[in-house]
Amino acid sequence: MSETENRNIVLFPFMAQGHIIPFLALAHQLSQTRNNYYSVTLVTTQLNIPQVRLSLPPNSSIHVVGIPFSGDGYGIPSGVENTDSLPHYHLLTNFFEASLSLKPQFRKIISDLCSHANGRHRPLCIITDMFFGWTEEVAREFGVFNAIFCGCGGFGLACFYSLWMNLSHRGNGASMSDEISLPDFPEAGKIHVTQMSEFLRVADGTDKFSTVFRKLLLSWPKADAIVFNTVEQLEQSNGLAYFRRILGKDVVFSIGPIFSPVARSEKTTGITSEKCIQWLDSRPKKSVLYISFGSQNTISASQMMKLAMVLEASGKNFIWVVRPPIGFDINGEFRSEEWLPKGFEERISESSRGLLVRNWAPQVTILAHEAVSAFLSHCGWNSVMESLSHGVPIIGWPLEAEQFYNAKFLEEELGVGVEVARGVSSRVGHKEMVEKIDLVMNIGTNKGGEIRRKALKVRKMIKNAVKDEDGFKGSSVIAMEKLLNTAMLVSEQRNSI
Ligand code: UDP
């Protein structure tokens with residue numbers, strides 16, 4: 001390889017914590033590949049830069065480039081450049097729409113990189129978010145290889161993509177069926193209307209959300225590749241095959257799981273890792289239920305109250321990451337006297353049965369601890385991968401987007417969990433939830449034992465996929481090499497014309 005060959009990889013995540021986190025992990029991994037052979041440029045909007053920098057290891061070689069963004073004219077309050085600071089969930093439509101306006105600025109960044117002295121910064125490839133499929137046009141204009149990186153699993157995303165692109169739950173456009181099969185992904189089985197987000201349920205292709213959102217997904221088939229933060233062997237249920245069909249070629253790469261190199265600054269967490277570990281150390285092995293709804297979700301006030309009662313009735317130890325419920329400022333103060341049963345926090349603290357963590361917990365540290373038995377999760381894909389990498393079974397409570405299909409995948413395809421509730425308006429069945437928590441955490445029962453055995457099997461599968469030692473390369477390592485080689489090849493072909 002000569003000095004002038006392209007080694008710059010441009011990454012461009014959507015402005016949401018759950019998207020930026022896996023992109024940072026990808027950036028870190030790429031910057032370490034082949035003894036720092038590649039340079040990595042991560043593009044994000046100005047206000048996201050400080051958090052991005054905090055999440056990179058000290059002395060990281062990753063180059064962070066700001067892209068100007070303005071939500072003015074789209075109804076986004078000034079200063080909001082991340083979905084986690086959107087004051088209202090319904091502004092998501094406007095936020096997506098505003099994100100489309102990034103195109104000219106993104107084009108300028110790529111154009112500048114391509115025309116930089118002697119072309120040394122010319123991108124080898126652009127890896128963009130699943131919501132930035134439109135970057136394909138910019139990449140093509142400059143002859144650069146373009147891949148979409150999905151921090152999701154193949155099965156969940158295939159269901160999600162199929163539902164949005166076909167809107168088949170709308171039947172003939174007038175009536176809506178309760179349960180449907182996906183016309184281009186029948187392998188997924190039945191999808192029930194309760195497994196659809198509110199946006200999807202009402203979408204008919206002409207409403208504002210679906211018009212904007214489908215535009216974001218439309219260009220996927222034109223991408224040079226789609227990259228998943230998953231493991232090929234886990235995805236036997238044809239989710240990846242679905243995307244291979246859509247693209248019409250085998251350019252779907254499973255390179256996961258990749259994890260963020262740096263935990264969130266302790267200033268912004270509700271508890272230090274040390275305190276968490278100290279508390280977990282005091283609990284017996286495999287006795288703790290960890291509960292979290294991801295980086296930006298919460299449940300309703302009545303669900304929160306019921307979940308607290310379930311936890312008390314279950315008799316299990318637990319760590320619960322709490323945030324103000326739906327309808328309140330999610331970043332505001334958590335008022336336990338209002339949203340939890342009277343005396344709940346004092347009781348669980350006195351008995352050392354539970355730990356309430358405000359807003360943010362060191363999740364990976366918790367999942368890695370031997371005291372943790374199961375994870376009650378919203379089934380966001382990062383959480384799924386983090387849990388399964390430690391062999392921790394998942395009790396699913398999906399809330400939105402493809403989380404519903406991740407939960408289905410975990411229960412029906414992998415057998416590593418059960419679902420206990422769905423969405424923010426579902427009823428929390430007290431008895432049923434206590435029983436299901438017990439079922440998963442009680443490994444003495446046939447079912448509980450089987451779920452744990454399967455979770456451990458998946459952990460092994462994941463370990464093997466990322467292994468790169470003694471001449472053995474796991475499937476994710478090989479997929480990453482193939483992706484970069486394909487980018488190199490395509491880049492050479494395009495630029496020799
Ligand atoms: N996370 C964390 N502590 C929390 C909540 C979330 O560390 O209290 C991290 C978690 O480890 C994961 C990410 O935030 O890496 C959440 O991503 P996921 O895909 O699970 O859900 P999302 O937030 O995108 O809905």
With no hydrogens and no angle check, do the side chains of [X] and [Y] hold a donor and an acceptor under 3.5 Å apart?
X	Y	result
N406	E402	yes
R323	N297	no
N8	H121	no
R53	S60	no
N48	T45	yes

How far does [atom1] of [X] sit from [atom2] of [Y], to the nearest 0.5 angstrom?
X	Y	atom1	atom2	value
Q403	W397	CD	CH2	12.5 Å
N359	I271	CG	CD1	13.0 Å
H63	L42	NE2	CG	10.5 Å
S273	I366	OG	CD1	8.0 Å
Q105	L102	CD	CG	8.0 Å
L218	F213	CG	CZ	12.0 Å

*Can you find a pair of side-chain heavy atoms, one from F409 and one from C159, that are under 4.5 Å apart?*
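Answer no - side chains too far apart.
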
*Would a 4.5 Å heavy-atom cut-off, applied to side chains only, mark V43 and V10 as touching?*
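A side-chain contact under 4.5 Å exists here.
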
Does [X] come within less than 4.0 Å of [Y], counting only side-chain N to carboxylate O?
X	Y	result
D224	R494	yes
R107	E141	yes
R422	E419	yes
E97	K215	no
K103	E137	yes
E232	R244	yes
E187	R245	yes

N/O donor-acceptor pair under 3.5 Å between [X] side chain and [Y] backbone:
X	Y	value
W134	S219	no
K286	A374	no
T230	G153	no
S162	L182	no
Q17	S295	no
S55	Q51	yes
S476	G256	yes
S99	F96	yes
N166	S168	no
Y290	S387	no

*Can you list the steps and then say if F199 with H90 is a ring-ring contact (aromatic ring centres under 6.0 Å, His included)?*
CA-CA 9 Å; F199 284 125; H90 280 92; 5.6 Å; yes

*Q363 and E386: CA distance, side-chain angles, deciding distance, side chain to side chain donor-acceptor pair (under 3.5 Å) verdict*: CA-CA 8 Å; Q363 177 159 307; E386 287 160 6; 2.8 Å; yes

*Applying side-chain hydrogen bond (donor to acceptor under 3.5 Å, both in side chains) between Q296 and each of N331, D84, T83, report the one that passes.*
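Output: one option passes, namely T83.
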
With a cut-off of 3.5 Å and sequence neighbours excluded, list every side-chain donor-acceptor pair involving residues 457-465.
none

For the student: nearest non-hydrogen atoms of [X] and [Y], plus distance:
X	Y	value
M130	C150	CB-SG, 4.1 Å
N229	P257	OD1-CA, 3.2 Å
L247	P221	CD2-O, 3.5 Å
S197	F404	N-CE1, 3.9 Å
G18	N382	O-ND2, 3.4 Å
L240	S254	CD1-OG, 3.2 Å

*Test Y405 against Q195 for side chain to side chain contact (heavy atoms under 4.5 Å, CB included), laying out the working first.*
CA-CA 7 Å; Y405 324 118; Q195 292 173 300; 4.0 Å; yes

*Look at the rings of F209 and W164 and say which category their plane angle falls in: under 30° parallel, 30 to 60° tilted, over 60° perpendicular.*
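Because their plane-to-plane angle lies in the 30° to 60° range, the rings of F209 and W164 count as tilted.
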
*Fit a plane to each ring of W220 and F243, take the angle between them on a 0 to 90° scale, and name the class: parallel (under 30°), tilted (30 to 60°) or perpendicular (over 60°).*
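Geometry flag for F243 against W220: tilted rings.
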
*Can I277 and D281 be said to form a side chain to side chain contact (heavy atoms under 4.5 Å, CB included), step by step?*
CA-CA 6 Å; I277 292 172; D281 282 347; 3.6 Å; yes

*Kindly determine whether F95 and F69 satisfy ring-ring contact (aromatic ring centres under 6.0 Å, His included), including the steps that lead there.*
CA-CA 11 Å; F95 196 73; F69 171 77; 5.7 Å; yes

*Assess the pair F185 and F155: is the distance between their ring centroids shorter than 6.0 Å?*
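Yes, they do, as the ring centres are separated by less than 6.0 Å.
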
*Kindly say whether the aromatic ring centers of F149 and F228 come within a distance under 6.0 Å.*
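When the ring centroids of F149 and F228 are compared, they turn out to be at least 6.0 Å apart.
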
*Just jot down the side-chain contact (heavy atoms from CB on, under 4.5 Å) partners of I478, sequence neighbours excluded, or say none.*
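Result, side-chain contact (heavy atoms from CB on, under 4.5 Å) vs I478: K473, K482.
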
_L11/T128 under side chain to side chain contact (heavy atoms under 4.5 Å, CB included): CA gap, chis, key distance, verdict_ = CA-CA 6 Å; L11 302 184; T128 51; over 6 Å; no

*Run the side chain to side chain contact (heavy atoms under 4.5 Å, CB included) check on I109 and L113 step by step: do they pass?*
CA-CA 6 Å; I109 290 173; L113 287 172; 4.2 Å; yes

*Do H19 and F14 pass the ring-ring contact (aromatic ring centres under 6.0 Å, His included) test, and can you show the C-alpha distance, the side-chain angles, and the key distance before you say yes or no?*
CA-CA 6 Å; H19 289 237; F14 181 68; 5.6 Å; yes

